[in-house]
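Here is the structure we will look at, set down as structure tokens.
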Protein chains: 2
Amino acid sequence: MDEKFWYLKNCTLFERLTPEQTARLEKRSQVKKFARGSLIYVPSDAGESVLLLTTGRVKIYHITGEGKQALLALIDPGELFGELALFDGGQREEFAEAMDSATLLRIPATEIFDLMESHPEVSLGVTRLMGLRRRRIERRLKSLLFRSNRERLIHLLMELVDKYGRRTPEGVEIGVKLSHQDLANIIGSTRETVTVVLGELKAEGSLLIKRRQIVLTQMDRLARSVDMSPPTLPSDAAANRTIGPAAQRSF
Amino acid sequence: MDEKFWYLKNCTLFERLTPEQTARLEKRSQVKKFARGSLIYVPSDAGESVLLLTTGRVKIYHITGEGKQALLALIDPGELFGELALFDGGQREEFAEAMDSATLLRIPATEIFDLMESHPEVSLGVTRLMGLRRRRIERRLKSLLFRSNRERLIHLLMELVDKYGRRTPEGVEIGVKLSHQDLANIIGSTRETVTVVLGELKAEGSLLIKRRQIVLTQMDRLARSVDMSPPTLPSDAAANRTIGPAAQRSF
DNA sequence: TCGAAAATGTGTGGCAATTCACAGAGAACA
DNA sequence: TGTTCTCTGTGAATTGCCACACATTTTCGA
């Protein structure tokens, strides 16, 4: 059982396939490797395939007219991405870039369609994936409209906890390393503002920075300050395995 | 052939069903009427059904902590809405309000699931619907991040043209009546700012206001000023009938 | 382990956008 | 036809955020 095969099985979307189907899917797909910083696809590329990330991390972003990078999603191993072009004109509309050196599986769109037709649960799974991501995007939209940079940042921290949060003695640690610039690119702000606001939150005792990592010491209070219900940590959640370990979350 | 039956057939999602299936779907659904301003659902409602709007118009929005209304979508006759809760915990997260008196069909979630299982093209149709709406939301997110109110408003005007645009001798008319407050609620700005920016655009000769309606006299120039490609008008588009006349567009 | 490159911290001025406040215009109702 | 209510227009005061500039710290590859 070689590596890509393993990852096919690991992706909940495909876990119910018969061994023959998995083998076929594997045969028709190809493994690709990308160096850190290289582009996996760019706008106007034909979107004839779906990508399954096996190792590394990928960011999906858009470049505005003034050259600013609007970060739309972070993809972790086991997650499917680039699936939107399947149902919408077949063209990419953003950049996908490897943040570390990454390996991924390129699955032809036709394979997915075949599977969806023959396998109702795959079809349902894809729909659910689209739905969960849409929900996530909509939440993000809400967290941006009418909100100050402080509120946006707090919302973002909650999203990050939701996806990467780990309980530690000191509080909830966000298990992913993002620069202030990255955070700014997600909430549509500037690097300097993020630095300042994070500094304020630290001064207020809501969080602390340990070895380049953000630890929320007052998560509940923070959440309530922007009237959100505190997020559940992934480690706490034994309940919701539907699409995949990480594939449900997109930020 | 009564009214709701007609609308079932009109919704492209269901157009391929056999008469028996349509009849069954009709029998299990119920027609509801809502007066202008009344709420169709509110957050934390159970999302056990999908709504198909037959007459009137519906707005979907979120209320922020400070009481501001973030407008997420406008629904027109023939469009399906409230479908997100199907795949995501089954809870509503926003308000749906009738803008005019509206009649709609409430379709139980179980019916949709049954159809999706037995009818691959329904399943595919739902997925495509989710995908198109997700694309739309993502575009909106991009048009918000890092952009001034002027740019946001121009982007919004282009979206409105895309959905409601009509060619007239004077230019492209936006065939929908939205107050400045509504526009502000979409782009996350204030009523006053929208008034001012619209005034500027009028002074620059980019648009004019005729009988409470916006007419873009320089659509292409406007689009290029925010580096977009000018939208195609719905009247020009004979090409893309997939989901439904309006269901593809969500703004 | 050192040196370059990347990331963070801080201040200052400027401007875009919000807030508040009120006046006029249009639509809706009797 | 007036009365009321919702919309639109405009101005002044205020502020939150950005742009720019620079110092300091951390990271990471050679």
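All figures in this text were calculated on a predicted structure; none of them were measured in a lab. Just so we're on the same page: letters track the sequence lines, and every chain starts at 1.
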Mind calculating the distance between [atom1] ([X]) and [atom2] ([N]) to the nearest angstrom?
| X | N | atom1 | atom2 | result |
| --- | --- | --- | --- | --- |
| A:Glu151 | D:dG16 | CD | C1' | 12 Å |
| B:Phe146 | C:dA16 | CZ | C1' | 17 Å |
| A:Arg150 | D:dC18 | CZ | C1' | 19 Å |
| A:Ile187 | D:dC17 | CD1 | C1' | 11 Å |
| A:Arg147 | C:dT18 | CZ | C1' | 16 Å |
| B:Asp100 | C:dA28 | CG | P | 11 Å |
| B:Glu66 | D:dG16 | CD | P | 13 Å |
| A:Met99 | C:dA6 | CE | P | 15 Å |

Is the closest basic N to carboxylate O distance between [X] and [Y] below 4.0 Å?
| X | Y | answer |
| --- | --- | --- |
| B:Arg136 | B:Asp162 | yes |
| B:Glu159 | B:Arg139 | no |
| A:Glu170 | A:Lys210 | yes |
| A:Glu138 | B:Arg134 | no |
| A:Asp88 | B:Arg133 | no |

Side chains of B:Ser206 and B:Arg221: do they bring a donor and an acceptor to under 3.5 Å?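 A pair is found: one side chain offers a donor N or O, the other an acceptor, under 3.5 Å apart.
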
Nucleotide nearest A:His180 (side chain, heavy atoms from C-beta), chosen from D:dG9, C:dA17, C:dT8: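 The nucleotide sitting nearest to the side chain is C:dT8.
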
From the options D:dC7, C:dT18, D:dC17, select the nucleotide whose nearest atom is closest to the side chain of B:Ser179. D:dC7

With a 4.0 Å heavy-atom cut-off, tell me which residues in residues 190-201 of chain A come close to DNA chain C, sorted by residue number.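 Going residue by residue through residues 190-201 of chain A, the ones with a heavy atom under 4.0 Å of DNA chain C turn out to be A:Arg191, A:Glu192, A:Thr195.
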
Determine the contact category for B:Lys177: base if any of its heavy atoms lies under 4.0 Å from a base atom, sugar-phosphate if only primed atoms, P, OP1 or OP2 are that close, otherwise nothing. nothing

So, does A:Ser189 get its side chain near the phosphate of D:dC18, meaning an N or O under 4.0 Å from OP1 or OP2? yes

Between A:Lys68 and D:dA19, does any side-chain N or O lie under 4.0 Å from OP1 or OP2? yes

Can you list the steps and then say if A:Glu173 with A:Arg212 is a salt bridge (Lys or Arg N to Asp or Glu O under 4.0 Å)? CA-CA 11 Å; A:Glu173 177 183 281; A:Arg212 225 59 157 184; over 6 Å; no

